[in-house]
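In what follows, a structure is listed as structure tokens, so that the remarks can point back to it.
Sequence lines set the chain letters: A, B, ... in the order given, protein chains first and strands last, and positions in each chain run from 1.
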Amino acid sequence: MKIATWNVNSLKVRLPQVLDWLETHRPDVLCLQETKLEDAAFPAAQIRAAGYHPLFSGQKTYNGVALLSREKAEMLATAIPGFRDEQKRVLASDVGGVRVVCVYVPNGEAVGSDKYRYKLDWLAAFTRWMKREGEHCPGLVLAGDVNIAPEPRDVHDPALWEGRVLHSEPERRAFRALLDAGFRDSFRLFPQPEGSYTWWDYRMNAFKRKMGLRIDHILPSETLAKRCKSCVIDKTPRAAERPSDHAPVVAEFDEP
DNA sequence: ATGGTAGAAACTCTA
């Protein structure tokens, strides 16, 4: 089973690239973030024509998540239970015997800002929820834009990024707390090239200069992690014309 | 110490 995640930064703009990528890679599941589309505007027909069943939870202008699957998936949740939040950032589903949670963690804007506080509160609520989910559902995987580079090796310039949003100690602590809730970082289960990142700022030629961060993650539960046989970042779409600022991440799991 | 870019929408906000 192949599970992928991609922050597309507008599905309207990136739809041709998504369809092209699906055709090339044929994942069983693709989780999308920052679709920036109301549900009424979701391109369901084009997704179905490509051989995928879409689930989506969106809003106008900002945020929005979707899950595309070759097998029809059952929608389980589009919000963190008991956490008041207007923003569409989660989509939980059952697909092919695995519970897949597509997640778009708040960016946090700047350390100390209101949005940073919201990010940490959001992560605390999400982690509590995922810990509970894992307790009664061993085959669970979180896939999405977590907006945290967990370790110095996940940022191109650790000294520059130390203490900044996406890599501050409270955020790294929140990432460790999420793993401690029963998950593994699938990317680090395998040897990886140095300087592996999933996001590069549009500005300052960051992609060409290899100035990136690894903030998109596929986090299987400990049980499911035992079946994980690879995790790779596909930088190809980031080099294309009019790219998203994020690259897709793909993890493969052996059948049980 | 500021600005650089992209997307959506609407002359600004978010990332």
Side-chain angles (χ1 to χ4, degrees), chain A residues 5-21 31-44 46-47 56-66 84-91 102-123 126 143-150 154-157 159-168 170-172 174-175 197-217 233-249:
Chain A
T5 180
W6 193 3
N7 178 325
V8 289
N9 185 21
S10 169
L11 183 57
K12 185 179 175 187
V13 172
R14 236 63 71 188
L15 182 62
Q17 294 182 40
V18 169
L19 295 176
D20 183 64
W21 195 85
C31 295
L32 301 175
Q33 301 86 36
E34 284 203 270
T35 55
K36 300 186 175 180
L37 288 173
E38 287 179 299
D39 289 348
F42 193 89
Q46 291 97 315
I47 298 293
F56 41 91
S57 174
Q59 63 185 95
K60 196 191 262 196
T61 313
Y62 303 120
N63 312 311
V65 286
R84 184 184 297 283
D85 189 10
E86 299 300 311
Q87 305 187 10
K88 304 298 189 188
R89 297 185 172 278
V90 289
L91 196 162
C102 175
V103 57
Y104 176 46
V105 173
N107 168 283
E109 193 201 13
V111 172
S113 67
D114 289 350
K115 292 195 186 78
Y116 183 76
R117 186 71 254 161
Y118 164 64
K119 178 180 195 172
L120 295 178
D121 291 345
W122 196 97
L123 279 161
F126 179 70
D145 178 357
V146 180
N147 266 319
I148 300 171
D154 298 314
V155 307
H156 67 92
D157 184 343
L160 176 71
W161 280 90
E162 183 57 49
R164 293 167 71 139
V165 75
L166 307 180
H167 191 58
S168 70
E171 292 166 279
R172 287 187 270 173
F175 188 89
Y197 310 122
T198 66
W199 171 82
W200 301 261
D201 200 302
Y202 282 123
R203 295 168 286 193
M204 310 291 285
N205 263 318
F207 181 65
K208 275 190 181 140
R209 296 161 68 194
K210 305 182 189 301
M211 296 165 62
L213 273 65
R214 192 176 70 91
I215 57 177
D216 300 84
H217 304 291
I233 299 163
D234 179 15
K235 280 188 292 185
T236 317
R238 185 62 180 82
E241 283 290 302
R242 224 182 165 192
S244 164
D245 46 352
H246 295 252
V249 183

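With a 6.0 Å radius and a threshold of 12 heavy atoms from other residues, nucleotides or ligands, A:Asp114 has its CG atom at or below the threshold.
Between A:Gln17 and A:Arg242, the shortest heavy-atom distance links the atoms NE2-O, 2.8 Å. The two residues A:Ile215 and A:Asp145 have their closest heavy-atom pair at O-OD1, 3.7 Å.
In this structure, NE2 of A:His246 is placed 11 Å from P of B:dA15, rounded to the nearest angstrom. At whole-Å resolution of the value, CD in A:Glu171 and P in B:dA15 are 13 Å apart. Rounded to a whole Å, the CD atom of A:Glu34 is 13 Å from the P atom of B:dT14. B:dT14 atom C1' lies 10 Å from atom CD of A:Gln87, rounded to whole Å. Between the CD atom of A:Glu86 and the C1' atom of B:dT14 there is a distance of 17 Å, given to the nearest Å. Nucleotide B:dT14 holds its P atom 17 Å from the CG atom of A:Asp145, rounded to whole Å. Taking atom CZ of A:Arg89 as the reference point, atom C1' of B:dT14 lies 10 Å away to the nearest angstrom. Taking atom OH on A:Tyr118 and atom P on B:dT14, their separation rounds to 12 Å, with Å as the unit.
Taking atom P in both B:dT2 and B:dA6, one finds a spacing of 23 Å when rounded to whole Å. With both ends at atom P, the span from B:dA9 to B:dT5 equals 22 Å, rounded to whole Å. If you take atom P in B:dC13 and the same atom in B:dG3, they sit 15 Å apart, rounded to whole Å. Spacing between B:dA15 and B:dG4 at atom C1', rounded to whole Å, works out to 14 Å.
With respect to A:Arg172 and A:Glu162, a salt bridge is recorded, a charged nitrogen being found less than 4.0 Å from a carboxylate O.
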Treating primed atoms plus P, OP1 and OP2 as sugar-phosphate and everything else as base, which nucleotides of nucleotides 3-12 of chain B get B, S or - for protein heavy atoms under 4.0 Å? -BBSSSS---

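Of the options A:Gln33, A:Lys36, A:His246, a side chain to side chain donor-acceptor pair (under 3.5 Å) to A:Asn9 is made by A:Lys36 and by none of the others.
Side-chain atoms of A:Met211 and A:Asp157, non-hydrogen and from C-beta on, never get closer than 4.5 Å to each other.
Heavy atoms of A:Phe207 sit nowhere under 4.0 angstrom from any nucleic acid atom.
Looking only at atom types and distance, the side chain of A:Asp234 has a donor-acceptor partner in the side chain of A:Trp21 under 3.5 Å away.
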